[in-house]
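The structure under discussion appears below in the form of structure tokens.
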Protein chains: 2
Amino acid sequence: MSGRGRVPSGQPTIADVARHAGVAVSTVSYVLSGKRAISEMTRSRVLASIRLLGYHPNAGARALASRRANVIALVLPLRSGIQVPVVMQFATAVVTSARRHDHDVLLLTSDEGPAGLHRIAAGALVDGLLVMDVELHDGRVPLLRDLGRPSVLIGLPAESRGLTCVDLDFERAGQVCVEHLATLGHRRVALLGAPAAVYDRGTGFAHRTRAGVLAAAARHGVHAVALPCEENAAEVHRRVADLFARHPGITGLVVQNEAAVGPVQATLAALGRRIPRDVSVVAVCPDQFAEHTSPRLTRVPVPADQIGQQAVSLLMRKLGDEPAPEVTLLPPRLTVGDSTAAAATVDTSLP
Amino acid sequence: MSGRGRVPSGQPTIADVARHAGVAVSTVSYVLSGKRAISEMTRSRVLASIRLLGYHPNAGARALASRRANVIALVLPLRSGIQVPVVMQFATAVVTSARRHDHDVLLLTSDEGPAGLHRIAAGALVDGLLVMDVELHDGRVPLLRDLGRPSVLIGLPAESRGLTCVDLDFERAGQVCVEHLATLGHRRVALLGAPAAVYDRGTGFAHRTRAGVLAAAARHGVHAVALPCEENAAEVHRRVADLFARHPGITGLVVQNEAAVGPVQATLAALGRRIPRDVSVVAVCPDQFAEHTSPRLTRVPVPADQIGQQAVSLLMRKLGDEPAPEVTLLPPRLTVGDSTAAAATVDTSLP
DNA sequence: GCCGAGTGTCGAAGCGCTTCGACGACGGGT
DNA sequence: ACCCGTCGTCGAAGCGCTTCGACACTCGGC
């Protein structure tokens with residue numbers, strides 16, 4: 001036993017590589033980082049040794065010395081009313097693009113609260129943060145401001161100064177839906193929005209969509225009602241039946257809630273209203289989902305991939321101390337399916 | 001300017017705490033880790049300084065010195081046919097319980113492949129791995145074996161020796177569903193399983209459920225057919241209609257696919273078969289989902305929370321060098337809803 | 001009154017990496 | 001022939017933490 005040595009980790013270290021290649025440790029480091037010129041000969045010799053020994057730099061040591069962990073945090077919502085598949089799509093998009101920038105992703109849930117963010121950021125476990133599902137008046141915003149680490153929000157709080165935010169332009173999305181219906185001659189439409197709880201906590205995308213719908217309706221002389229919409233079949237049924245009882249002339253529906261689409265279809269069928277003959281339906285939902293319903297939905301997809309990618313790019317820019325725009329809103333794109341058609345002459349004799 | 005010093009990070013270090021509390025650095029460390037006895041007086045003085053300075057240990061330094069990153073990797077599937085909400089539930093359960101063990105979670109997607117796992121593990125970014133959606137003959141299994149880091153699989157590969165696996169006992173789940181139907185007097189049942197692609201790649205849970213269904217059926221003298229089931233409405237409709245055309249006597253349905261439940265209900269309605277009067281339906285799906293359908297489903301939930309928690313516990317045990325069982329199968333629990341009832345006298349005059 | 005077994009604390013040696021300054025070797029301008 | 005700038009490499013100093021051995025003390029037992 002040689003004194004107080006601990007057991008070696010087993011993994012080869014940069015010193016092993018240096019020894020094997022017959023160069024200094026720092027040279028190996030520079031080969032890896034490219035921060036100084038290295039002759040082609042040395043370079044290839046070092047790389048060969050690295051491959052041969054199966055060397056992987058120790059993340060902790062690297063983080064300690066360089067003050068960069070090459071890890072970003074992804075703060076996901078765990079709340080009710082979130083659109084699970086969309087969130088999942090975000091997450092994978094974020095992981096994939098982060099890897100493309102040579103970063104890994106640490107998964108946080110908001111339920112550890114501000115303390116969690118603080119712990120992570122202060123402990124230098126991550127270099128920057130990506131925060132999803134931001135509310136209009138989000139308590140985490142001031143925290144992010146003085147966390148001392150770059151961050152990007154997915155979503156748009158009421159006050160975005162000094163922050164970096166990315167999102168779909170939900171207001172435009174709402175407008176686009178209504179404009180599509182208006183063009184088809186619909187004069188009375190309704191928005192089946194997010195669950196009431198989502199509006200209550202002031203989640204941006206729900207409010208902005210509603211605002212867009214109402215604004216576009218007003219502009220085009222369309223009568224519009226907006227109501228929240230829960231995700232379970234029974235409740236959807238009740239709401240939709242009630243809606244048509246009150247407003248029998250409605251011929252256009254904008255559905256914001258992927259989970260509600262199925263029940264809405266079923267309810268319309270039960271009410272004897274066919275899609276798109278009697279009622280046209282536009283949904284805000286993933287393309288993949290829309291393609292699998294019958295009839296195929298006319299929809300405005302939430303481009304989770306793009307948003308995720310964009311968010312990562314912006315965060316990387318900030319990590320590199322480059323300036324980043326405060327607000328990036330991606331333009332919505334409406335894809336016409338088979339669930340919308342020209343408005344029929346109003347037939348008030350419908351049941 | 002004092003020579004070659006770099007800019008200090010801004011965060012207080014353990015040395016700052018030690019100085020402030022008037023003790024040695026090592027004493028602070030021992031207060032934090034509890035690995036040596038510290039007098040109550042010193043202890044509280046140190047803790048006060050920590051709080052006052054807002055000290056958070058640097059994760060990199062800690063990882064480097066202790067050879068433990070206090071981070072585990074969660075390897076999520078990104079494939080088609082996965083049950084997104086269930087995966088999400090897993091993920092959150094894992095994050096939450098990991099935090100309870102003072103660990104964070106690094107999110108990996110399998111699409112970086114084995115190289116990704118290797119990079120992470122060799123670089124000591126994580127102490128252990130949690131791998132989801134394991135296939136019967138999963139290519140990652142041999143890799144995990146010689147990765148040199150503890151791992152726990154969620155799912156059950158064909159050969160589980162030397163591994164640690166957690167899952168719902170899907171075989172029993174299948175049995176329980178059939179037994180429930182058999183007890184109610186059903187004599188012809190069908191399993192609408194996972195999408196064909198899921199069987200093709202040999203995903204354990206799908207195969208095991210099918211085996212359980214068929215075995216229980218045989219044992220109870222029930223006639224059973226099992227068929228894969230895609231997730232889009234049109235396809236479901238085709239399959240189900242075809243099924244009843246071929247086997248008009250079927251009165252019991254086991255549906256394994258949350259996404260298929262809605263379309264199945266719609267199809268049955270379209271075929272003029274009422275639930276549960278004409279057809280009883282048992283689903284393998286989350287409780288929350290089952291509660292929101294009408295009628296409320298009889299179901300065997302996948303206890304994603306429990307599985308996730310259990311997986312983390314096992315991984316922690318392995319990280320502490322304690323032995324862990326190779327296979328942990330959680331017993332399924334059937335909850336009776338309103339979608340199953342006693343089999344009606346066979347009425348072959350049905351359309 | 002002395003020994004041995006704790007207790008509580010300290011100092012120092014790393015953990016594996018990055019980065020800074022230094023320095024020899026070379027080459028082009030004058 | 002000389003100086004200077006550039007290129008390629010090296011050595012060493014940390015980064016902030018854990019952990020080991022050492023070293024006072026205190027206390028009970030004989």
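So that the names make sense, note that chain A is the first sequence line, chain B the second, and so on, each numbered from 1.
Distance from the side chain of T42(A) is smallest for dG8(D) among the nucleotides dG14(C), dT9(C), dG8(D). For L64(A), the side-chain atoms get nearest to dC15(D) when compared with the rest of dT19(D), dT9(C), dC15(D). Closest to the N58(B) side chain, of the nucleotides dG16(D), dG8(C), dT18(D), is dG16(D).
In this structure, M41(B) places its CE atom 12 Å from C1' of dT9(C), rounding to the nearest Å. Note: CZ (R67(B)) to C1' (dA13(C)) measures 13 Å, nearest angstrom. dG16(C) atom P lies 18 Å from atom CZ of R62(B), rounded to whole Å. Residue R68(A) contributes atom CZ, which lies 12 Å from atom P of dT18(C) at whole-angstrom precision. Across the protein-nucleic acid pair, I14(A) atom CD1 and dG11(D) atom P stand 14 Å apart, rounded to whole Å. Rounded to an integer number of Å, the gap from CG of L53(A) to P of dG16(C) is 14 Å. Here the P atom of nucleotide dC17(D) and the CG atom of N70(B) are 14 Å apart, to the nearest Å. Separating the CD atom of Q11(B) from the P atom of dC17(D) is a distance of 10 Å, rounded to the nearest angstrom.
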Walk me through whether L329(A) and D167(A) qualify under side chain to side chain contact (heavy atoms under 4.5 Å, CB included). CA-CA 5 Å; L329(A) 290 182; D167(A) 208 350; 4.0 Å; yes
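When atom types are taken as modelled, the side chain of D127(B) and the backbone of N70(B) share a donor-acceptor pair closer than 3.5 angstrom. Judged by distance alone, with hydrogens and angles left aside, the side-chain atoms of E159(B) form a donor-acceptor pair with the main-chain N or O of R161(B) at under 3.5 Å. With hydrogens and angles disregarded, no donor-acceptor distance shorter than 3.5 Å links the side chain of R317(B) to the backbone of E322(B). Checked by atom type and distance alone, the side chain of S39(A) pairs as donor or acceptor with a backbone atom of T42(A) at under 3.5 Å.
Using a 4.5 Å cut-off on side-chain heavy atoms (C-beta onward), L32(B) and Y55(B) make contact. Residues C165(A) and P157(A) have side chains in contact (heavy-atom distance under 4.5 Å, counting atoms from C-beta outward).
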Extract from the structure each pairing of a protein N or O with an N or O of nucleotides 24-27 of chain C at less than 3.5 Å, listing the distance.
none

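For the contact set between residues 26-34 of chain A and DNA chain C, defined by any heavy atom under 4.0 Å, the members are S26(A), S29(A), Y30(A).
Overall, the helix from dG1(C)-dC30(D) to dT30(C)-dA1(D) carries an axis bend of 40° between its ends, with five pairs at each end and the value rounded to 10°.
Counted within 6.0 Å of NE2 on H118(A), heavy atoms from surrounding residues, nucleotides or ligands total 12 or fewer; the atom is thus considered open.
For a distance-only test at 3.5 Å, the side chain of R36(B) qualifies as a donor-acceptor partner of the base of dT9(C).
Under the side-chain contact (heavy atoms from CB on, under 4.5 Å) rule, I72(A) has a single partner from L315(A), V152(A), V95(A), which is L315(A).
Note on K35(B): every side-chain N or O is 4.0 Å or more away from OP1 and OP2 of dT18(D). When the side-chain nitrogen and oxygen atoms of S39(A) are compared with OP1 and OP2 of dT9(D), one or more of them lie within a distance under 4.0 Å.
Counting non-hydrogen atoms under 4.0 angstrom, V25(A) reaches a base of the nucleic acid.
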